[in-house]
Amino acid sequence: MTLPPFAKEHEGWGTRRLVPGRETPGPSISTLPSHRLFLAFVLCVLSSSWTLKTNAQTPPAHSSDKEEGLIKLDVLVTDSSGKPVAGLHSNDFALLDNGQPNRIVSFHAFDGVSAQPESPVEVILVIDMLQLPINLISMELSSVEAFLRKDDGHLAEPVRIFTLQASGVWQVADASRDGKALAAQVAHNTQFRLIHRFGAGGIRGSPGPTAPPSINALAGLGEIAATERRKPGRKLLLWVGPGRGGEATEPQGNTFYTICWFSTLLRESRIALYSISVGEIEPSLSYLSYLQGVELVKKASFMNLNRKVLTVESGGRVLDQSYDLVSEMESCVREANVFYTLSFDPSPADHPEEYHELKVQIDKQGLTARTNTGYYDQSFYSDQADPAIRQVTVAELKQILQAAHGDAEAAKQLSTLALTERLDDATLLSFAKYGKKTEQALTMLADASAFLPPPVAQISTDAAPDVNTQQHLISLAANYLQQIIPKLPNFFAERTTTRYQETAVFDAANRRVEDEPMLPVGSFKETVLYRNGQEVADTGGAKRKKRNAKDPYLITYGTFGPVLGFVHDAIAAPGVLTWSRWEQSPGGLRAVFRYRIPAEKSLYTQWGCCLPDGEGTTAFERRAGYHGEISIDPSSGAILRLQAEAEIAHFPPISRSDIMISYGPVEIGGQSYICPQRSVSICEDAVHRHAGGVG
């Protein structure tokens with residue numbers, strides 16, 4: 001049997017920046033990690049420099065509205081009679097992660113009356129008719145109709161309806177509170193949208209009509225849940241049908257990753273699954289032996305994908321055979337609106353797919369909490385600093401270099417250091433006398449420090465300009481963007497790009513991550529033609545290592561103009577630019593402004609692919625805010641330095657995606673122009689921390 005399409009061997013994620021007015025991505029970063037070949041925590045520095053050719057063509061749990069943990073849980077609390085309980089507070093809850101207390105980062109309580117979630121809770125009804133006799137199908141349909149018509153068809157929550165038939169998964173009705181209309185659609189077996197066709201071609205390992213019903217049902221669950229993942233809010237998925245599962249067999253490795261996938265998918269979709277069994281005179285209780293999370297590949301069984309097992313793991317309920325399906329569905333829906341949502345940050349994981357048991361305890365007698373029973377932790381959730389790395393200032397770095405004996409010794413010492421402040425281009429050039437190895441190590445340190453504050457000595461003590469002067473500086477920058485940049489001549493530039501990487505190698509035998517120091521992994525040159533505001537890169541036949549499919553992307557584009565759209569966005573929106581400081585540089589004082597562009601006004605787009613997703617192939621995207629600094633020449637308004645840092649929290653495994661470009665005077669055709677001289681891109685993601693510089 002082949003692997004179902006909902007259990008792919010890889011997951012891919014990434015980010016991209018869209019330049020204003022252009023569809024072509026600007027600096028972009030993406031990764032395609034693999035379950036089997038897992039690298040963790042790579043800091044990759046893409047460093048580029050530019051040479052312009054003169055022959056140019058002219059503690060305790062708490063509530064928070066802002067802070068959120070990486071993992072979110074919906075928690076239902078019931079009393080001894082099974083009735084949902086409202087009115088609890090954050091200090092009534094304790095979260096145990098593998099038996100150890102974990103801090104609750106955020107907490108929200110919803111009572112269905114005065115406190116309601118932004119997105120209403122949705123009820124999803126799935127009518128499973130796969131290989132059921134006609135009398136049981138008839139009972140299913142009539143029970144669903146009766147449930148929908150209760151209270152004269154006035155439903156408390158919107159209900160969406162699907163059916164599983166031999167041909168595939170069909171959507172019978174879109175979400176609605178009109179129970180009578182929904183019941184009519186069920187009665188007439190309305191099939192207005194095919195969600196997933198069993199046996200459809202074009203996808204490796206797609207289950208088909210001849211596959212066991214449990215496989216097709218599981219594929220249907222994956223398809224529905226993946227669609228719901230893209231929608232906000234909590235969902236109750238009521239699955240009415242045979243409580244089957246576990247008949248199939250697969251290689252244990254495939255089964256293990258399918259188990260991990262469904263665990264993550266149901267939690268991120270915020271689905272509580274309810275299994276309402278039909279046709280089981282004496283329901284099997286064998287699923288109870290598989291409720292413990294699967295920690296090792298060799299312990300993986302398809303019984304761990306039994307729908308009743310997934311139901312318990314999602315925080316839902318198993319309702320075995322009853323002759324009153326309507327009452328059972330009603331009891332499930334009563335659990336919709338009184339619940340609590342909390343979030344937390346995972347504890348550090350030693351290896352990918354490290355299973356963690358979850359338990360929420362309530363500090364009141366007689367109350368029980370139901371939520372997700374576990375999660376698969378990932379190494380990328382927590383990037384732990386290397387304790388062997390020593391933090392130093394630029395002044396301390398200079399002292400270390402002066403005391404070092406020889407190029408090799410200096411480079412070795414530098415490999416154990418990290419800067420606490422920015423090492424600028426001028427200071428870096430002053431260190432050039434120490435040798436080739438030292439120069440390389442210093443460049444890596446400088447690139448990694450590009451987003452840190454400058455040394456105190458470079459911050460001017462001059463008073464901040466008044467509001468009118470600040471506005472004049474901003475107007476100069478706006479004029480520079482509108483009048484000067486479009487008049488740049490056509491020219492060629494040579495771009496030298498170096499990529500660095502701090503790799504932690506995953507030891508599959510010991511399932512641990514071993515750290516390695518930062519090291520250069522590639523350097524290449526290419527000629528860039530700037531013409532009419534566009535950039536065209538041409539390697540010109542230069543030797544360049546072919547990119548491996550598993551290598552992370554770190555692409556720099558638009559540094560001569562289009563990327564300055566970040567500045568245009570900040571200037572165009574009133575009040576976005578705020579004064580930061582005067583800063584000393586070899587060319588004189590610079591005016592430094594801070595800015596922040598919120599997600600709703602941003603042209604920075606995050607995209608991710610492909611977990612969770614019904615086919616393992618569909619990408620999704622969303623806008624992301626960004627913030628940074630802009631350094632302006634107070635006499636001309638020229639942009640001398642641009643720093644943009646994406647706000648991509650809660651988008652694991654991408655945790656950072658930043659770019660910095662420094663500009664300076666360059667002579668072209670006998671005239672001086674401000675052009676990019678160096679740029680640095682840094683990305684931290686699930687399997688890589690990347691940084692790079694372009695010069």
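Position 1 is the first residue of the sequence, and the numbers go up from there. Just so it is clear, the structure is predicted and the values come from calculations on it, not from any experiment.
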Practice prompt. Measure the spacing between CG of L640 and CD1 of I630 and express it to the nearest 0.5 Å.
Written response: 11.5 Å
Worksheet entry | Sub-4.5 Å side-chain heavy-atom contact between P455 and T393 | no
Practice prompt. Please assess L417 against I389 for the test side-chain contact (heavy atoms from CB on, under 4.5 Å), listing each intermediate value before the final yes or no.
Written response: CA-CA 5 Å; L417 302 178; I389 297 297; 5.8 Å; no
Worksheet entry | Side-chain donor/acceptor of E421 to backbone N/O of V394, under 3.5 Å | yes
Worksheet item: Can any side-chain N or O of T438 pair as donor or acceptor with the backbone N or O of D407 at less than 3.5 Å?
Response: yes
Practice prompt. Might you point out which heavy atoms bring A591 and W579 nearest each other, and give the distance in Å?
Written response: CB-CZ3, 3.7 Å
Fill in: Separation of E629 CD from S580 OG (nearest 0.5 Å)
5.0 Å
Worksheet entry | Backbone of L423 reached by a side-chain donor or acceptor of S449 within 3.5 Å | yes
Fill in: For the student: nearest non-hydrogen atoms of V680 and F451, plus distance
O-CZ, 3.9 Å
Item to complete: Might you point out which heavy atoms bring S106 and E68 nearest each other, and give the distance in Å?
Response: OG-OE1, 2.8 Å
Worksheet entry | Exam field: side chain E396 to backbone V392, donor-acceptor pair closer than 3.5 Å | no
Discussion item. Using side-chain contact (heavy atoms from CB on, under 4.5 Å), reason through L473 and F593 one step at a time and then give a plain yes or no.
Written reply: CA-CA 10 Å; L473 292 170; F593 287 85; 4.2 Å; yes
Worksheet item: What residues, two or more places apart in sequence or in another chain, satisfy side-chain contact (heavy atoms from CB on, under 4.5 Å) together with S635?
Response: D633
Worksheet item: Can you check side-chain contact (heavy atoms from CB on, under 4.5 Å) on V576 and I597, steps first, answer last?
Response: CA-CA 7 Å; V576 169; I597 303 295; 3.9 Å; yes
Practice prompt. State, yes or no, whether a side-chain contact exists between P454 and V592 at a heavy-atom distance under 4.5 Å.
Written response: no
Fill in: Shortest non-hydrogen contact from Y663 toward P676
CD2-N, 3.4 Å
Item to complete: Quick one: list whatever passes side-chain contact (heavy atoms from CB on, under 4.5 Å) with K412, sequence neighbours left out.
Response: none
Worksheet item: Would you say I661 and R641 make side-chain contact, with heavy atoms under 4.5 Å?
Response: no
Worksheet item: Does the side chain of T416 reach to within under 4.5 Å of the side chain of R390, using non-hydrogen atoms?
Response: no
Discussion item. I'd like to check H356 versus N102 (side-chain heavy atoms, cut-off strictly below 4.5 Å). Are they in contact?
Written reply: no
Fill in: Heavy-atom check, side chain of L428 versus side chain of L442, under 4.5 Å
yes
Worksheet item: Are side-chain heavy atoms of L397 and F431 found at a separation under 4.5 Å?
Response: yes
Discussion item. Distance alone, cut at 3.5 Å: any donor-acceptor contact between the side chains of E353 and H351?
Written reply: no
Worksheet entry | Side-chain donor-acceptor contact under 3.5 Å, D425 with Q677 | no
Fill in: Donor-acceptor under 3.5 Å (Q643 side chain, G628 main chain)
no
Worksheet item: Roughly how far, to the nearest 0.5 Å, is the CE atom of M444 from the CG atom of L414?
Response: 8.5 Å
Discussion item. Distance check, rounded to the nearest 0.5 Å: N468 atom CG versus Q471 atom CD?
Written reply: 8.5 Å
Practice prompt. Run the salt-bridge test on R422 and E583 with the 4.0 Å N-O cut-off and return the result as yes or no.
Written response: yes
Practice prompt. For W582 and T461, indicate whether the former's side chain and the latter's backbone hold a donor-acceptor pair under 3.5 Å.
Written response: no
Worksheet item: Got a second to check how far L401's CG is from S430's OG, nearest 0.5 Å?
Response: 9.0 Å
Discussion item. For the CZ atom of F344 and the CD1 atom of I71, what is their distance to the nearest 0.5 Å?
Written reply: 4.0 Å
Discussion item. In the structure I gave you, are the side-chain heavy atoms of L577 and Y595 within less than 4.5 Å of one another anywhere?
Written reply: yes
Response to the item:
Residues P665 and S672: closest non-hydrogen pair is CB-OG, 3.7 Å
Worksheet item: Which heavy atom in L70 sits nearest to a heavy atom in D345, and how many Å separate them?
Response: N-OD1, 2.9 Å
